[in-house]
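To start, the structure under review is shown below, and the notes come after it.
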Amino acid sequence: MFVIMFHSVGLEKSNWPWRWLSVSRTHFENICRYIAENRYTTYHLDEWYTYTGSTSKKDPKKLVLTFDDGYLDNWIYVYPILKKYGLKGTVFINPDFVDPGVDIRPNMDEFCDQNNSTIQVTGFLNWAEIKKMDQSDHMDIQSHSMTHDFLFFSDKIKDIYSGQDEYLWLPWIYNRPNKYNYMSNSHDKALFGSPVFEYDRALRVRKYIPDPRFIEKSQSYFSEQKRDFMKYGDSEKSYDIKMLKSLHYKYSGHFESEVETRKRYIMELAGSKKLIEEKLKKSIKYLCWPGGGYNELSLKISEECGYIASTLGSSPAKQNVTKNRDYKRIDRFGLSSFQKVGNEWIYMNQPDYLISNMKARTGNYPLRVKMKMIKEWNKRFSRINTKYSD
């Protein structure tokens, strides 16, 4: 049995800076149709758990389809398409990102034209939509931790926030109530000038907490300078980072204690599990680590909280550091409509691109070698058709 990772569907043309996380509707419907017509079987994680306990064989026609983060498009497009082809999927949600709305929004089932401009697609699921999907035979809801945050783990300043896409997460930690809306309002100008310390995934680090006075002085300095942040030169930035480092000695922050780190991990893992269980009236047993970020302590706490399996991260974090045979690890591979060439994410135009990728990753080794060769060729020569076919 193979486990496939998706995130979003249908936002590949949007203004969302992380749109490379989204696969196109054409790609997604094509692969779902292929799975159904070629007699593949899709499963929920309870079935996966039983299967992995009885055999180590990986059957290429047994699949688990997973979707990380709980994007609204999982309700708009994914759920109707899975229903159409009689397939199953699992959505890992973060309660911190759940939309506060109470009404179920229209999805693809209610419109003949999938391109209808009145359909709201960008954003996150609300509890009504989550419950509706979970009550069906096609979707299972599980935990992706509480926050999905990135956190500072060092007192070393590496950058100054000026609206860079790589720091889309920074407003999350300063304006938590508005996290669910970040895809529409990606950056917070009120935070421009904030120092960016070394950071990593929340469940892999001991948190560094800057002095609030230092954050305020940094923001105030750049506000007074009236800098054009979006045209901020490297030489100026180097000078100002040096200045901030000098100021930081006067207003240094502190690190979490070991007790505080453990308490935060419990909030992330037990807290999300309990909240989802209360909302959905079901047991939550499976955990997806955001970004594959975990360590021995967070992994141990996830077992203590009652999860019976969690995802494996990418190397070197992919190493299975648990010795409990009852606590299993979910090994996944991702499918994307994009290919990274240099620093750019390029949309792959071929309608069967996801199908070829899936076949290559589930046992068709000649095809996998061929696709790797094509990828290396594209990286070297950047000869890719970037036009959209949708």
Side-chain angles (χ1 to χ4, degrees), residues 1-9 18 21-23 42-49 52 63-75 78-79 82 88-98 124-125 130 133-134 139-151 169 172 179 200-205 265-277 279-280 282-295 297-315 317-322 327-336:
M1 191 176 293
F2 287 85
V3 186
I4 302 176
M5 174 181 64
F6 296 98
H7 289 79
S8 157
V9 171
W18 290 348
L21 284 173
S22 193
V23 301
T42 55
Y43 299 90
H44 290 321
L45 286 170
D46 277 341
E47 297 162 304
W48 166 89
Y49 189 89
T52 55
L63 304 173
V64 179
L65 308 179
T66 66
F67 303 83
D68 292 6
D69 304 338
Y71 296 105
L72 174 58
D73 58 66
N74 289 187
W75 162 252
V78 175
Y79 176 58
L82 292 182
K88 296 179 179 180
T90 297
V91 181
F92 293 107
I93 68 166
N94 306 94
D96 249 20
F97 281 101
V98 173
F124 288 87
L125 298 165
I130 291 168
M133 290 192 294
D134 190 65
M139 279 296 199
D140 180 40
I141 305 300
Q142 296 295 330
S143 175
H144 201 22
S145 81
M146 183 67 80
T147 72
H148 205 298
D149 280 351
F150 295 81
L151 295 177
W169 52 269
W172 302 353
K179 283 176 71 170
D200 200 348
R201 300 287 179 168
L203 287 161
R204 189 159 52 202
V205 300
Y265 285 1
I266 291 172
M267 177 277 295
E268 290 271 9
L269 301 173
S272 62
K273 185 177 188 296
K274 181 181 179 182
L275 179 55
I276 300 170
E277 287 177 340
K279 292 288 186 179
L280 302 185
K282 61 178 277 188
S283 176
I284 298 298
K285 296 179 283 187
Y286 303 98
L287 170 68
C288 174
W289 299 99
Y294 57 85
N295 56 30
L297 175 60
S298 57
L299 191 61
K300 182 175 182 292
I301 290 173
S302 72
E303 291 186 61
E304 294 172 356
C305 291
Y307 293 102
I308 62 174
S310 65
T311 53
L312 279 167
S314 56
S315 297
K318 194 169 184 175
Q319 296 177 5
N320 190 347
V321 294
T322 179
Y327 184 90
K328 298 179 181 178
R329 307 308 304 280
I330 307 167
D331 193 4
R332 305 188 295 170
F333 66 86
L335 292 181
S336 173

- Item | Met133 and Leu125, any side-chain heavy atoms less than 4.5 Å apart | yes
- Query: Salt bridge between Lys282 and Asp140, side-chain N to carboxylate O under 4.0 Å?
  - Reply: yes
- Query: Does the Lys273 side chain pair with the main chain of Ser143, one donor and one acceptor, at a distance under 3.5 Å?
  - Reply: no
- Roughly how far, to the nearest 0.5 Å, is the CD1 atom of Ile266 from the CE atom of Met146? 12.5 Å
- Query: Which pair of heavy atoms, one from Leu275 and one from Pro95, lies closest together, and at what distance?
  - Reply: CD2-CB, 3.5 Å
- Whether Thr42 side chain and Val64 backbone form a donor-acceptor pair below 3.5 Å: no
- Message: Checking side-chain polar atoms at under 3.5 Å, does His148 have a donor or acceptor matched by the opposite partner on Asp96?
- Response: no
- Message: Closer than 3.5 angstrom, by distance alone: can the side chain of Gln142 be matched with the main-chain N or O of Ile284 as a donor-acceptor pair?
- Response: no
- Say you draw a straight line from NZ of Lys179 to CH2 of Trp172; how long is it, rounded to the nearest 0.5 Å? 6.5 Å
- Between Asp134 and Lys279, does at least one N-O distance fall below 4.0 Å, as a salt bridge requires? no
- Task: Kindly say whether the aromatic ring centers of Tyr71 and Phe124 come within a distance under 6.0 Å.
- Result: yes
- Task: Taking Asp68 for its side chain and His7 for its backbone only, find out whether a donor-acceptor pair lies under 3.5 Å.
- Result: no
- Task: Spell out, as yes or no, whether a donor-acceptor pair under 3.5 Å connects the side chain of Asp149 to the backbone of Leu151.
- Result: no
- Query: Is Phe92 close to Thr66 at the side-chain level, that is, under 4.5 Å between some pair of heavy atoms?
  - Reply: yes
- Which residues satisfy the side chain to side chain donor-acceptor pair (under 3.5 Å) test with Thr147, sequence neighbours excluded? Glu268
- Item | Full working for side chain to side chain contact (heavy atoms under 4.5 Å, CB included) between Leu82 and Leu65 | CA-CA 10 Å; Leu82 292 182; Leu65 308 179; 4.1 Å; yes
- Which pair of heavy atoms, one from Leu269 and one from Ser298, lies closest together, and at what distance? CD1-O, 3.5 Å
- Judged by modelled atom types alone, do Thr311 and Tyr294 share a side-chain donor-acceptor pair under 3.5 Å? no
- Item | Shortest non-hydrogen contact between Arg329 and Trp48, atoms and distance | O-CZ2, 3.6 Å
- Take Phe150 and Val205 through the side chain to side chain contact (heavy atoms under 4.5 Å, CB included) test and state the conclusion after the steps. CA-CA 9 Å; Phe150 295 81; Val205 300; over 6 Å; no
- Can you tell me how far OH of Tyr79 sits from CZ of Phe67, rounded to the nearest 0.5 angstrom? 13.5 Å
- Ser302 versus Tyr265, side-chain donor and acceptor atoms under 3.5 Å: no
- Query: Just by modelled atom types, is the Cys288 backbone N or O under 3.5 Å from a matching donor or acceptor in the His144 side chain?
  - Reply: yes
- Item | Spacing of OG1 belonging to Thr90 relative to CG belonging to Asp46, to within rounding of 0.5 Å | 9.0 Å
- Task: On the 0 to 90° scale, with breaks at 30° and 60°, tag the Phe2-Phe333 ring pair as parallel, tilted or perpendicular.
- Result: perpendicular
- Task: For Pro290 and Leu203, work out which heavy atoms get closest and say how close.
- Result: CD-CD1, 4.4 Å
- Item | Side chain proximity check, Arg201 to Trp289, heavy atoms < 4.5 angstrom | no
- Task: Start with the C-alpha gap between Tyr307 and Tyr286, add the side-chain angles, then the distance that decides, and say whether side chain to side chain contact (heavy atoms under 4.5 Å, CB included) holds.
- Result: CA-CA 6 Å; Tyr307 293 102; Tyr286 303 98; 5.7 Å; no
- Compare all side-chain heavy atoms of Ile276 with those of Ile130 and state whether any distance is below 4.5 angstrom. no
- Minimum side-chain heavy-atom gap Leu299-Ser310 below 4.5 Å: yes
- Between Asp69 and Asn94, the two heavy atoms sitting closest are CA-OD1, 3.9 Å
- Apply side chain to side chain contact (heavy atoms under 4.5 Å, CB included) to Tyr49 and Lys285, showing your working. CA-CA 10 Å; Tyr49 189 89; Lys285 296 179 283 187; over 6 Å; no
- For residues Phe6 and Leu335, determine if any side-chain heavy atom of one lies less than 4.5 Å from a side-chain heavy atom of the other. yes
- Task: Report yes or no: does Glu47 contribute a side-chain atom to a donor-acceptor pair with the main-chain N or O of His44 at less than 3.5 Å?
- Result: yes
